[in-house]
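Each remark here refers to the structure printed beneath this line.
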Amino acid sequence: MLEPIAHIGRDPGTGGYLRDAWSNADLELREWFAGEAARRGLDLREDRNGNLWAWWGAPAPDRPGVVTGSHLDSVRQGGAYDGPLGVVSAFAAVDALRRRGVEPSVPVGIACFTDEEGARFGVPCMGSRLLTGVLAPERALGLTDDEGDTLADVLGKAGRDPYALGRDDETLAAVGTFVELHVEQGRGLVTEGRPVGVASAIWPHGRWRFDFRGRADHAGTTRLADRDDPMLPFARMVLSAREQAERLGVVATVGKVRVTPGNANAVPGLVSAWLDARGPGEDGVRELVAALAPAASDVREESWTPEVGFDAALRDRLARVAGGGDGPAPILPTGAGHDAGILAAAGVPSAMVFVRNPTGVSHAPDEHAERADCEAGVAALANVLEDLCR
């Protein structure tokens, strides 16, 4: 099932993917999801925030379901597995259960969350944040992309009602348990020598916008002594972020920069930079941001997710079931954010299954998982679903 969508949004020059939320590529992927649901006779629903749900059996307030799935959007120039592997594996696991003749005692759902990566509007896990009420719809609708289009504009063009956004208690009540399969974004399973693992917790992480203001001027006629060049404090901040991260035992990344006016022959008037910071503890991440903030004219927190520990009993149950005949699956922490973490923080019993990534590379075209490991992931997920829905 990965093959029919391998071309959608792919950059032929790099091999990476451009699958922004609500882009043409994303809309095509949503159609593919609907087609896969229809082929299996699943009941397809789209909630008020654009998340898709394919149900095997109808959930009810007194009969919530076991749900699995992930997302189909990507970071820019991302890989083929982050998100789609979880969606494809969910369909494949349902197929496996049906081949076994399993008749689930509760509904089984497959979810496809909208805008998990936050590549277009800057807020990750937007679909699940809106669903759970963590993100206010008023704030979401005012977010703009690089072209200056607001989310409200984009949703309207996609035929959705922008003013329907918001916490969706009816949809949330249908989710009794959520299990997300994901390619590992690291090499923990390589070290363990196992194809499949289970997540213990998601590190606290956030995204901040740093603005450095100066004065635009001519690159050739303005003396160095007369310049107010915001590139200089920006450069010092980037170097300091690395030094502070090493000191505090966290990770910090500046992966997006916008220079205004952006002329090669002009001193810029404004440099905006986005800092991504994560770590095993909130204090270290907060201390890093506080240490960097004085260098900037303005700092704005765009998103923050505290540490999310997955339900311990569910986690251990998954480790036993997913491990197969080799003993319990390894339990690993992760520095990556996921929709499963947003649901867990909202009180939904949630867990994650990881599939081995031989290089550890993610959010890049070299992201990879071997076919045999993917199949082991599907088998583990099917076993987990069968166990949970009984």
Side-chain angles (χ1 to χ4, degrees), residues 9-21 23-25 74-79 117-124 139 142-151 153-154 205-248 250-278 285-303 361 363-366:
R10 192 166 195 174
D11 182 341
T14 66
Y17 286 90
L18 301 169
R19 292 170 168 172
D20 281 2
S23 65
N24 289 336
S74 75
V75 298
R76 291 169 183 174
Q77 300 297 339
E117 297 292 2
R120 185 168 189 176
F121 296 101
V123 176
R139 183 188 168 210
L143 295 171
T144 57
D145 62 14
D146 291 344
E147 305 303 317
D149 293 324
T150 66
L151 176 61
D153 297 332
V154 169
H205 56 280
R207 189 176 297 177
W208 291 262
R209 173 174 167 166
F210 281 65
D211 284 335
F212 301 86
R213 294 187 177 86
R215 186 183 67 249
D217 220 327
H218 196 290
T221 61
T222 309
R223 297 186 308 169
L224 293 179
D226 295 336
R227 297 184 182 200
D228 183 6
D229 186 348
M231 269 292 181
L232 301 181
F234 160 66
R236 286 191 287 268
M237 186 276 281
V238 174
L239 295 173
S240 180
R242 176 60 177 263
E243 294 167 359
Q244 295 291 342
E246 290 177 340
R247 178 179 70 85
L248 295 166
V250 300
V251 292
T253 306
V254 178
K256 178 180 177 181
V257 182
R258 183 183 299 152
V259 181
T260 306
N263 299 319
N265 59 352
V267 177
L270 172 67
V271 177
S272 298
W274 281 261
L275 172 77
D276 182 298
R278 311 168 188 235
V285 177
R286 294 289 189 186
E287 185 176 343
L288 176 134
V289 176
L292 300 178
S297 306
D298 182 60
V299 178
R300 183 171 65 210
E301 181 176 291
E302 293 196 338
S303 68
V361 173
H363 282 189
D366 289 341

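Reckoned from all heavy atoms, side chains included, excluding hydrogens, waters and symmetry mates.
Nearest heavy-atom pair, Gly269 versus Pro261, reported as atom, atom and distance to 0.1 Å: N-CD, 3.9 Å. The two residues Asp149 and Phe121 have their closest heavy-atom pair at O-CE2, 3.7 Å. Counting all heavy atoms, side chain and backbone alike, Ala241 lies closest to Ala252 at O-CB, 4.0 Å. For the residue pair Ala295 and Pro233, the shortest heavy atom distance occurs at O-CB, 3.8 Å. Taking each heavy atom of Ser74 and Tyr17 in turn, the nearest pair found is OG-O, 3.4 Å. Residues Ala277 and Leu288 come closest through the heavy atom pair CB-CD2, 4.0 Å.
Note: Phe212 CZ to Arg236 CZ = 9.5 Å, rounded to the nearest 0.5 Å. The distance from the CD atom of Glu287 to the CG atom of Leu292 is 10.5 Å, given to the nearest 0.5 Å.
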Q: Output, in order, the C-alpha distance, side-chain angles, deciding distance and verdict of salt bridge (Lys or Arg N to Asp or Glu O under 4.0 Å) for Asp211 and Arg258.
A: CA-CA 10 Å; Asp211 284 335; Arg258 183 183 299 152; over 6 Å; no

**Q.** Audit row: Glu147, Arg120, salt bridge (Lys or Arg N to Asp or Glu O under 4.0 Å) steps and yes/no
**A.** CA-CA 10 Å; Glu147 305 303 317; Arg120 185 168 189 176; over 6 Å; no

Q: Could you walk me through whether Glu302 and Trp274 pass the side-chain contact (heavy atoms from CB on, under 4.5 Å) test, one step at a time?
A: CA-CA 9 Å; Glu302 293 196 338; Trp274 281 261; 3.2 Å; yes

**Q.** Stepwise side-chain contact (heavy atoms from CB on, under 4.5 Å) check, Met231 with Val259
**A.** CA-CA 9 Å; Met231 269 292 181; Val259 181; 3.4 Å; yes

Q | CA sep, side-chain torsions, deciding dist, call: Arg76, Asp146, salt bridge (Lys or Arg N to Asp or Glu O under 4.0 Å) | A | CA-CA 13 Å; Arg76 291 169 183 174; Asp146 291 344; 2.8 Å; yes

Q | CA sep, side-chain torsions, deciding dist, call: Val123, Arg139, side-chain contact (heavy atoms from CB on, under 4.5 Å) | A | CA-CA 10 Å; Val123 176; Arg139 183 188 168 210; 3.9 Å; yes

Q: Test side-chain contact (heavy atoms from CB on, under 4.5 Å) on Phe234 and Val254 and set out the steps.
A: CA-CA 10 Å; Phe234 160 66; Val254 178; 4.1 Å; yes

(Q) With side chain to side chain donor-acceptor pair (under 3.5 Å) as the criterion, how do Asp276 and Thr253 come out once you've worked through the C-alpha distance, each side chain's angles and the decisive distance to 0.1 Å? (A) CA-CA 5 Å; Asp276 182 298; Thr253 306; 5.2 Å; no

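Counting heavy-atom neighbours within 6.0 Å of Asp298 CG, excluding the residue itself, gives a total above 12.
The backbone N or O of Gly206 sits nowhere less than 3.5 Å from a side-chain atom of Ser303 that would complete a donor-acceptor pair. Proximity of a side-chain donor or acceptor of Arg215 to a complementary backbone N or O of Asp226 within less than 3.5 Å is detected. Side-chain N or O atoms of Arg278 include none that pairs as donor or acceptor with a backbone N or O of Val251 at under 3.5 Å. Under a 3.5 Å cut-off, the side chain of Asp11 and the backbone N or O of Gly13 do form a donor-acceptor pair. A side-chain donor-acceptor contact under 3.5 Å links Arg227 to the backbone of Thr222. Remark: the backbone N or O of Ala266 is not paired with any side-chain donor or acceptor of Asn263 at under 3.5 angstrom. A donor-acceptor pair under 3.5 Å is formed between the side chain of Ser23 and the backbone N or O of Asp20.
Side-chain atoms of Leu275 and Val238, non-hydrogen and from C-beta on, never get closer than 4.5 Å to each other. The closest side-chain heavy-atom distance from Asp229 to Pro268 is below 4.5 Å. In this structure, the side chains of His363 and Glu117 come closer than 4.5 Å at one or more pairs of heavy atoms. Looking at Gln77 and Leu18, their side chains come closer than 4.5 Å, going by heavy atoms from C-beta outward.
Every residue two or more places apart in sequence or in another chain that forms a side-chain contact (heavy atoms from CB on, under 4.5 Å) with Arg242 is listed here: Glu246.
Partner of Glu301 under the salt bridge (Lys or Arg N to Asp or Glu O under 4.0 Å) criterion, chosen from Arg207, Arg286, Arg209: Arg286.
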